[in-house]
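Data block below; observations after.
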Amino acid sequence: MDGLLLPLMLALLVVFLFISFRNQKKRTQAMNELKAQAVPGARIQLSCGLFGTVHSDDGGESVEVEIAPGVITTWNRLAIRDVIADEAPEYTPDDTSLEDIPGVEKTGEDPADTPDTPNDPDAKDK
């Protein structure tokens, strides 16, 4: 039994090290892909939660981010948390009607035509 314990422990150690190195390699590759996507004009989210647009990128450790029109700040490249895809359509209230929302039934009543609720303090005076 003692002769089997040492090789088993060494095998577990090798498997653990292999998995650790593999995960580190995947994280490094993902970070390199993220850096490649952070080109001028790309929308990004910083690690502090701030959204902005990459203004200029010199390829070094820092990147200039426009956080508001005309407001350009310099950030460490490691502060970039995510590159935001521009594929999401902007929401406008006219885009969706009640029939388009699943689970919502249209009653035909206009909220402006409904009588005052009993919780309304002015309703007692009327």
Side-chain angles (χ1 to χ4, degrees):
M1 184 72 177
D2 289 336
L4 187 61
L5 186 63
L6 184 62
L8 183 62
M9 288 179 63
L10 288 175
L12 287 174
L13 179 66
V14 168
V15 168
F16 176 73
L17 288 174
F18 175 75
I19 291 172
S20 296
F21 286 136
R22 186 172 172 224
N23 288 341
Q24 180 65 30
K25 185 177 178 181
K26 283 184 179 181
R27 276 186 248 129
T28 303
Q29 184 179 7
M31 182 60 76
N32 289 338
E33 289 175 6
L34 182 70
K35 287 180 184 179
Q37 293 176 354
V39 295
R43 285 285 288 165
I44 60 170
Q45 181 180 12
L46 300 172
S47 59
C48 62
L50 190 66
F51 289 90
T53 305
V54 178
H55 183 264
S56 68
D57 180 14
D58 62 357
E61 290 184 15
S62 63
V63 63
E64 290 185 351
V65 178
E66 184 175 19
I67 57 175
V71 180
I72 299 171
T73 57
T74 303
W75 292 82
N76 189 324
R77 182 177 298 280
L78 296 175
I80 298 174
R81 177 180 176 194
D82 197 10
V83 176
I84 308 299
D86 293 332
E87 299 168 2
E90 287 189 25
Y91 170 77
T92 57
D94 297 332
D95 285 347
T96 306
S97 64
L98 290 176
E99 292 86 18
D100 296 337
I101 301 173
V104 174
E105 297 178 18
K106 186 173 181 179
T107 60
E109 295 179 6
D110 187 12
D113 295 337
T114 58
D116 292 332
T117 60
N119 294 335
D120 187 8
D122 296 330
K124 296 177 185 174
D125 297 336
K126 292 181 183 177

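As the structure is a computational prediction, the values presented were derived from the model and not from experiment.
- To the nearest 0.5 angstrom, L10 atom CG is 9.5 Å from L5 atom CG.
- Side-chain contact between E64 and T74 is present, with heavy atoms from C-beta onward closer than 4.5 Å.
- Taking 4.5 Å as the limit, some side-chain heavy atom of F18 sits within range of a side-chain heavy atom of R22.
- Note on L13 and L4: separate hydrophobic clusters, where clusters join Ile, Leu, Val, Met, Phe, Trp and Tyr whose side-chain heavy atoms are under 4.5 Å apart, directly or indirectly.
- Looking at every heavy atom in both residues, L34 comes nearest to R81 through CD2-O, 3.9 Å.
- No donor-acceptor pair under 3.5 Å is formed between the side chain of R77 and the backbone N or O of V63.
- I44 is not listed as a side-chain neighbour of I84, based on a closest heavy-atom distance of 4.5 Å or more.
- A distance of 8.0 Å separates CD in Q29 from CG in N32, rounded to the nearest 0.5 Å.
- Residues meeting the side-chain hydrogen bond (donor to acceptor under 3.5 Å, both in side chains) test with T73, sequence neighbours left out: W75.
- Taken to the nearest 0.5 Å, the CZ atom of R43 stands 15.0 Å off from the CD atom of Q37.
- The two residues A38 and V83 have their closest heavy-atom pair at N-CG2, 4.2 Å.
- Within the model, atoms CG of L46 and CG of L78 stand 11.5 Å from one another, a figure rounded to the nearest 0.5 Å.
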Check against side-chain contact (heavy atoms from CB on, under 4.5 Å), V65 and T53: CA-CA 5 Å; V65 178; T53 305; 5.9 Å; no

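- Taking hydrophobic clusters as Ile, Leu, Val, Met, Phe, Trp and Tyr residues chained together by side-chain heavy-atom distances below 4.5 Å, V14 does not share a cluster with F21.
- When the side chains of ILVMFWY residues are joined at heavy-atom separations under 4.5 Å, either directly or via intervening members, L12 and L6 end up in two distinct hydrophobic clusters.
- Considering all non-hydrogen atoms of both residues, S56 and P40 come closest at CA-CG, 4.3 Å.
- Nearest heavy-atom pair across V39 and V54 is O-CB, 3.4 Å.
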